[in-house]
Structures are given as C-alpha cells and as structure tokens.
> 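Dropping a structure here in structure tokens format, bear with me for questions.
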Amino acid sequence: MNIKKAIDKVPGGLMLVPLILGALCKTFFPWAGSYFGSFTNGLISGTVPILAVWFFCMGTSIDLRATGTVLRKSGNLVVVKTLVAWGATYIAAQFLPLEGVQSGLFMGFSALAICAAMDMTNGGLYAAIMQQYGTKEESGAFVLMSIESGPLVSMLILGAAGVATFEPHLFIGAVLPFLIGFILGNLDKDLRAFFKGGVQTLIPFFGFALGNGIDLNVILTTGLGGILLGVLVIVVTGIPLMIADKVIGGGNGTAGLAASSAAGAAVANPMIIAEMAPQFKPAAAAATSLVAAACLTTAILVPILTGMYAKHMKKRAGVTEAAPADAPQAADALRPAE
C-alpha cells in the first residue's frame, strides 16, 4: 500500500500525520485512553516517557566533536526567540489593554497571550523536523530550549522578575536523559549505533501522544483569533530566527524556521502567571484558549513550511554545487585553439 512512502511525501509527515490522528482521537474519542487503559492508554497519554526515551536515543547519536555545533545552534535559537518575544510583548503592552481586547477579530489578544505564544519553542516538534530535514547536530539543538519551559521566561519578559522562581533541578531533569545518552554514546560507539536507530522509530509514537493533548474544538472556540496568533508566531519569530540561523548558526535558515512554533507547554503559562501576578487574571482565560489554538496552528504549519523551505534550499544548493563541476568545461570552451 506504500503507506510509508505516502507519509514521507507530506512535509514533516512522520511527525505531523500521527499528531493529526492523535488530535482527531482527542476530539472525537476523548475517553479512549481511560476506556481501554493499559498499553493503549500508555500510547495515548505517554508523551513524557516516550519523549524521555527519544531524547536519550537522540543523545547517543550526537558525537562529542559536534558539541560546539549543538550549543551554538541551540543557544542562538533560544536567545533570538526570547529577544523577539520580548520585543513583541513590549509593543503589545503599549497598544493592548492589560485585560485583553474584548471584541472583534483580535478578541482575547493581550500582552500575556502574545508572550506565552511566542517565547517557547516546541522542542519535540523542532527536533523531529530537523531529524528529517537537518543534521543530527541541528536536531540536538533542542537541549537549551528546555530553559524556555515553564513560566520563568514569560515572567521575565512581562516585567515580573522576582515573582516567579526557577528551580535548577527541574532544568537538570529536562536534559538528563539526553546527557546520559550523550555520555554513553561517546564512551561506546556500539551503544551509539544500537540506540540511534530509535530516534526515527519513536517520532510517530510521541507525535500521536502529543496530538492527544490537542482538542480540535479549540479552533472553533477561539475563532480566527487563535489561527491568526499562530500565523503571527511563525512570521514574527520565524524571520529573525532564520536570519540568525544563517548569520550566527552557520545554517541555511531551516533550523530557524523549524523553531518558530509555539510549545504545547505554553498553554499552561497564562494561568500559572495569573496566579503569581493577579493583575493578569482578567486576561488569563482568553489567553489560554488563544495559545492552545496557536500551538495547534503552528504544529500543522511549521512542518509543512519547513519541509517546503528545506527542499527549496536543497535544490538551490544542488544547482550551486553543480556549477563548479561544469566550470572547467566552460573554461575549455572559451580558451582559444592552439
């Protein structure tokens, strides 16, 4: 039936197709996990353990000699994304009411919603996309993206420094599976060869689990506002990230575009921040709905756009690389006969 070949034709299909199937399951059969229980429920609700194993396998595939590349890529993307989110939030705070817009196309838009949607990258989505369209060093650049997780960066961006606290052990816990895999893979090349095979295999499994956390009805609840916010996240953060990836990261812009998504974990940030900073409570509910829709929108669009861009750059690079090979023939043709 050529199912695998059909999936491969979809940009980011190995991640996107299972994610959509998971979202359909969540939307129409939200009781499926609890009803079937056992291993079926594990597949539906097992995002964290599946990602933990995947991160471990990813770590084993990274060569020590590529560490500089990984850190340069991840640090570059995190810093640029945070700065862009800060700029967007600052501008939004100048024009939007603290409690959010109350009517119209931009209903619910607030500095809180924009900050929560833009300051976190979906690390799993990014790594999966780059596993397909980039190098293993680029796909490993999700390491420092865990710094963005939780409300810390959002609180700093919103000017509420000191209200939120950052516990270092949570960051360590987020990167520990990757680090253990990284160490073992570099200590024993046989372990690297054994575990790196799991990187591709696990992508559809955590894609399906991630999809089961997304209810497609969110789009109907927020109307076009959530979709619009998702598009804004891709445009506003994607362009600077692509430029930074080219200028600083040494890439061709693919990694930057792949990092322009909104993280699923960001959906919880508005409510968490509102508990710590009560001035944001009037905007928290609408912001949560908008960020959820934006997350879904970027989860669908970013793999497609990145796949199209990566193929364009690959084709462009192929033409460029072919030119030098033809150059000697051209030179001989122009050389006067002796």
> Identify all side-chain donor-acceptor contacts of residues 226-239 below 3.5 Å with residues at least two apart in sequence or on another chain.
| residue | atom | partner | partner atom | Å |
| --- | --- | --- | --- | --- |
| Thr237 | OG1 | Val233 | O | 2.5 |

> For the hydrophobic clusters of this structure (ILVMFWY residues joined by side-chain heavy atoms under 4.5 Å, transitively), does one cluster hold both Ile304 and Ile20?
yes
> Nearest 0.5 Å, what's the CG-NZ distance between Asn252 and Lys314?
12.0 Å
> Would the distance check show the side chain of Asn212 and the main-chain N or O of Cys25 forming a donor-acceptor pair, the cut-off being under 3.5 Å?
no
> With distance as the sole test, does Asn122 use its side chain to make a donor-acceptor pair with the main-chain N or O of Ala263 at under 3.5 Å?
no
> Taking the six-membered ring where the residue is Trp, are the ring centres of Trp31 and Phe29 under 6.0 Å apart?
yes
> Are Phe95 and Leu112 co-members of a hydrophobic cluster defined by side-chain heavy atoms under 4.5 Å apart?
no
> If you count heavy atoms of other groups shown closer than 6.0 angstrom to CE of Met107, is the number above 12?
no
> Taking Thr201 for the side chain and Gly197 for the main chain, is one N or O donor matched with an acceptor at less than 3.5 Å?
yes
> Hey, what do you get for SG (Cys57) to CD (Gln200), rounding to the nearest 0.5 Å?
12.0 Å
> Consider only side-chain heavy atoms of I, L, V, M, F, W and Y, link residues closer than 4.5 Å, and tell whether Ile91 and Val101 are in one cluster.
no
> Can you tell me how far the CE atom of Met118 sits from the CH2 atom of Trp86, to the nearest 0.5 Å?
14.5 Å
> Between CG of Leu290 and CZ of Phe106, what distance do you get to the nearest 0.5 Å?
11.5 Å
> Could you report the tightest heavy-atom contact between Ile157 and Ala85, atom names first, then the distance?
CD1-CB, 3.9 Å
> With heavy-atom distances below 4.5 Å as the criterion, would you say the side chains of Gln279 and Leu98 are in contact?
yes
> Tell me, please, which residues at least two apart from Lys5 pass salt bridge (Lys or Arg N to Asp or Glu O under 4.0 Å).
none
> Starting at CG of Leu257, measure out to CG of Leu241 and round the result to the nearest 0.5 Å.
9.0 Å
> Which heavy atom in Ser110 sits nearest to a heavy atom in Ala283, and how many Å separate them?
OG-CB, 3.8 Å
> For residues 181-196, run the donor-acceptor check on the side chains, cut-off 3.5 Å, and write out each pair with its distance to 0.1 Å, sequence neighbours left out.
| residue | atom | partner | partner atom | Å |
| --- | --- | --- | --- | --- |
| Asn186 | OD1 | Leu64 | N | 2.6 |
| Asn186 | OD1 | Arg192 | NH2 | 3.3 |
| Asn186 | ND2 | Ile62 | O | 3.1 |
| Asn186 | ND2 | Phe182 | O | 2.7 |
| Asp188 | OD1 | Asp190 | N | 2.8 |
| Arg192 | NE | Gly185 | O | 3.2 |
| Arg192 | NH1 | Asp63 | OD2 | 3.4 |
| Arg192 | NH2 | Gly185 | O | 3.2 |

> Treat each ILVMFWY residue as a node, draw an edge where side-chain heavy atoms are under 4.5 Å apart, and state whether Leu96 and Leu224 are in one component.
yes
> Is a side-chain donor or acceptor of Glu99 paired with a backbone partner of Pro97 at a separation under 3.5 angstrom?
no
> Are Leu77 and Thr121 side-chain neighbours, meaning at least one heavy-atom pair lies under 4.5 Å?
no
> Indicate yes or no: at least one non-hydrogen side-chain atom of Val302 is less than 4.5 angstrom from one of Tyr126.
no
> For Gly46 and Ala209, which heavy atoms make the closest approach, and how far apart are they?
C-CB, 4.2 Å
> Within this structure, what is the CG-CG distance for the pair Leu296 and Leu19, rounded to the nearest 0.5 Å?
7.5 Å
> Minimum heavy-atom separation for Ile114 and Ala92, please, with both atom names.
CD1-CB, 3.5 Å
> Which pair of heavy atoms, one from Gln102 and one from Gly100, lies closest together, and at what distance?
NE2-O, 2.8 Å
> Is a side-chain donor or acceptor of Gln132 paired with a backbone partner of Ala128 at a separation under 3.5 angstrom?
no
> Using atom types as modelled and distance alone, determine if a side-chain donor or acceptor of Ser289 lies under 3.5 Å from a backbone N or O of Ala286.
no
> Check Leu125 against Pro303 and note the closest heavy-atom contact, atom names and distance.
CD1-CG, 3.8 Å
> Can any side-chain N or O of Thr254 pair as donor or acceptor with the backbone N or O of Ala310 at less than 3.5 Å?
no
> Kindly work out whether a path of hydrophobic side-chain contacts (I/L/V/M/F/W/Y, heavy atoms less than 4.5 Å apart) joins Leu83 to Tyr90.
no
> Side-chain contact test, heavy atoms from C-beta onward, threshold under 4.5 Å: evaluate it for Ile203 versus Trp54 and give yes or no.
yes
